[in-house]
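Both backbone and side-chain heavy atoms feed into the values below; hydrogens, waters and symmetry mates do not. Residue numbers begin at 1 in each chain, while the letters A, B, ... track the order of the sequences.
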Amino acid sequence: ILRYSILVSALCKQGMMEEAEGLFKEMNEKGLSPDRVVYNTLIDGYSCLGNTEKAFTLYQEMERRGIAPNVVTYNVLIKGLCRKHMFQEAINLLKVMDIVGLVPKVVTYNIIINGHVKDGNIEEGFKLFEEMQEKGLAPDIVTYSTLINGLCKEGRLHEAEYCWKEMLDRRIAPNIKVYNTLLDGHCRFGNMQKAFSLQRAMQRDGFKPNIISYNALINGLRREGNMLEAEDLWNRLVDEGLCPDVVTYNLMIDGYLSSGDTHKALQLYEQIENKGLEPT
RNA sequence: GCGUACUCGCCUCA
């Protein structure tokens, strides 16, 4: 059953639900009854694909078979609802949890807050941020990162920095993801000076910029039409042992095309053969 | 063994 659940999880992450269902059937036929983890995994798979109906069908099925949903079950259901912007339904599930005696975790709130952020409604996110604390749940690094991300995406960088400081005041140690979030915020709104100084700060703090950090910076330069500096960064990341990924290629190709450098764009396009595809 | 945050695009929602 452990092997199955690992396999099912891998398939769900790839969105290969037919295959996952196949394994699920196979388990049933072999008389191995899928446990809660397997159900949660499948429900999560469908939630990620936006198939809420199927997710809820499985939820009902597990209840019918006497497998009690746990917090993770509700978390993944809530995630699916948030993805479809069904926030009221998500809140209703919180109530259901309460009725069945399950206590939402920080993760549960983080999921909903992120849903609001992706929906462009950060104010709702802050309301939940308050609410979770009233319930005695302490925001963690993901909570802060989610809120900082929301503020950054709206160009509210001062508030993002304030939020960042509050996080540090609470003795929550930053990680590379939060640094990248803020870094991208500065890049996105044209403050490359700040972005580079933040990059230095993260290094001082012991975090080596990763490919995501570089992509954010390159994207900022690309927006400014500064492909020369973008190339410098490309070289630097390679020097540091990082490998440009599909995103890096897409950004550079797009930048070269915008600046009319079709040749360079084509060169990169050809190099990409060994990798994944490119949109734009 | 399952769930939450960061970069281009896609998908999804309205």
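At U12(B), none of the side-chain N or O atoms of K84(A) fall inside 4.0 Å of OP1 or OP2 (strictly under the cut-off).
Contact annotation: the side chain of L151(A) never approaches that of H158(A) to less than 4.5 Å [non-hydrogen atoms, C-beta and beyond]. Side chains of L266(A) and H263(A) form no contact here, defined as non-hydrogen atoms less than 4.5 Å apart. R188(A) has its side chain out of reach of C152(A): every pair of non-hydrogen atoms, C-beta onward, lies at least 4.5 Å apart.
Distances from the side chain of N70(A) to the nucleotides U7(B), C2(B), U4(B) place C2(B) closest.
Atom CG of N40(A) and atom C1' of U4(B) are 14 Å apart (whole Å). Atoms CD (E154(A)) and C1' (C6(B)) sit 17 Å apart, rounded to a whole Å. In this structure, CZ of F129(A) is placed 17 Å from P of A5(B), rounded to the nearest angstrom. In this structure, L128(A) places its CG atom 18 Å from P of U4(B), rounding to the nearest Å. If you take CG of N215(A) and C1' of C6(B), they are 11 Å apart, rounded to a whole angstrom. Here C2(B) presents its P atom at 14 Å from CD1 of I1(A), a figure rounded to the nearest Å. When rounded to the nearest whole Å, the span between CG of L198(A) and C1' of C6(B) equals 12 Å. Counting to the nearest Å, the P atom of U7(B) and the CG atom of L237(A) are 18 Å from each other.
The ring-ring contact (aromatic ring centres under 6.0 Å, His included) contacts involving residues 5-37 of chain A comprise F24(A)-Y39(A), where partners must be two or more places apart or lie in separate chains. Among residues at least two apart or in separate chains, ring-ring contact (aromatic ring centres under 6.0 Å, His included) pairs with a member in residues 108-156 of chain A are F87(A)-H116(A), F129(A)-Y144(A).
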Every protein N/O lying under 3.5 Å from an N/O of nucleotides 8-11 of chain B:
unit_1, atom_1, unit_2, atom_2, d
C8(B), OP1, R188(A), NH1, 3.4
C8(B), OP1, R188(A), NH2, 2.7
C8(B), O2, N250(A), ND2, 2.6
C11(B), O2, R83(A), NH2, 3.1

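Side-chain N or O atoms of R83(A) include one that pairs as donor or acceptor with a backbone N or O of C48(A) at under 3.5 Å.
Heavy atoms of D119(A) sit nowhere under 4.0 angstrom from any nucleic acid atom. Contacts of S5(A) with the nucleic acid, taken as non-hydrogen atoms under 4.0 Å apart, include base atoms. In this structure, V106(A) reaches neither bases nor backbone, as no heavy-atom distance under 4.0 Å exists between it and the strands shown.
One hydrophobic cluster, built from ILVMFWY side chains closer than 4.5 Å, holds both V71(A) and V76(A). Neither V103(A) nor Y74(A) shares a network with the other; the hydrophobic side chains, linked directly or stepwise wherever heavy atoms of I, L, V, M, F, W or Y lie under 4.5 Å apart, form separate groups for each.
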Anything under 3.5 Å between a donor and an acceptor, one on a side chain of residues 196-209 of chain A, the other on a protein residue two or more places apart or in another chain? List them.
unit_1, atom_1, unit_2, atom_2, d
S197(A), OG, K194(A), O, 3.1
D205(A), OD2, Y179(A), OH, 2.6

Kindly list each side-chain donor-acceptor pair under 3.5 angstrom involving residues 218-226 of chain A, sequence neighbours excluded, with atom names and distances?
unit_1, atom_1, unit_2, atom_2, d
N219(A), OD1, R222(A), NE, 2.9
N219(A), OD1, R222(A), NH2, 2.7
R222(A), NH1, D254(A), OD2, 2.5
N226(A), OD1, E229(A), N, 3.1
N226(A), ND2, E229(A), OE2, 3.3

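Smallest separation of non-hydrogen atoms from I1(A) and S33(A): CD1-O, 3.2 Å.
Every residue two or more places apart in sequence or in another chain that forms a side chain to side chain contact (heavy atoms under 4.5 Å, CB included) with L11(A) is listed here: M16(A), E19(A), A20(A), L23(A). Annotation: side chain to side chain contact (heavy atoms under 4.5 Å, CB included) contacts of K54(A) (sequence neighbours excluded): E21(A), Y46(A), N51(A). The side chain to side chain contact (heavy atoms under 4.5 Å, CB included) check on T146(A) picks up I113(A), N114(A), V117(A), V142(A), with sequence neighbours excluded.
Sorted by residue number, the members of residues 109-117 of chain A with any non-hydrogen atom under 4.0 Å from RNA chain B read N110(A), I111(A), N114(A). Less than 4.0 Å separates RNA chain B from at least one heavy atom of each of the following residues of residues 166-183 of chain A: N175(A), K177(A), N180(A), T181(A). The stretch residues 139-148 of chain A touches RNA chain B through V142(A), S145(A), T146(A), each having a heavy atom within less than 4.0 Å of the strand.
Of the residues near RNA chain B, D245(A) and T41(A), the one whose nearest nucleotide (by heavy atom distance) lies more toward the 5' end is T41(A).
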Once Watson-Crick and G-U wobble pairs under 3.5 Å are found, how is RNA chain B written in dot-bracket notation, 5' to 3', with | for any base paired to another strand? ..............
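Looking at S47(A) and D44(A), their side chains never bring a donor and an acceptor atom within 3.5 Å of each other.
Using a 4.0 Å cut-off between charged nitrogen and carboxylate oxygen, R65(A) and E61(A) count as a salt-bridge pair.
Tested against I78(A), the residues I111(A), T73(A), V107(A), I91(A) include a single side-chain contact (heavy atoms from CB on, under 4.5 Å) partner, I111(A).
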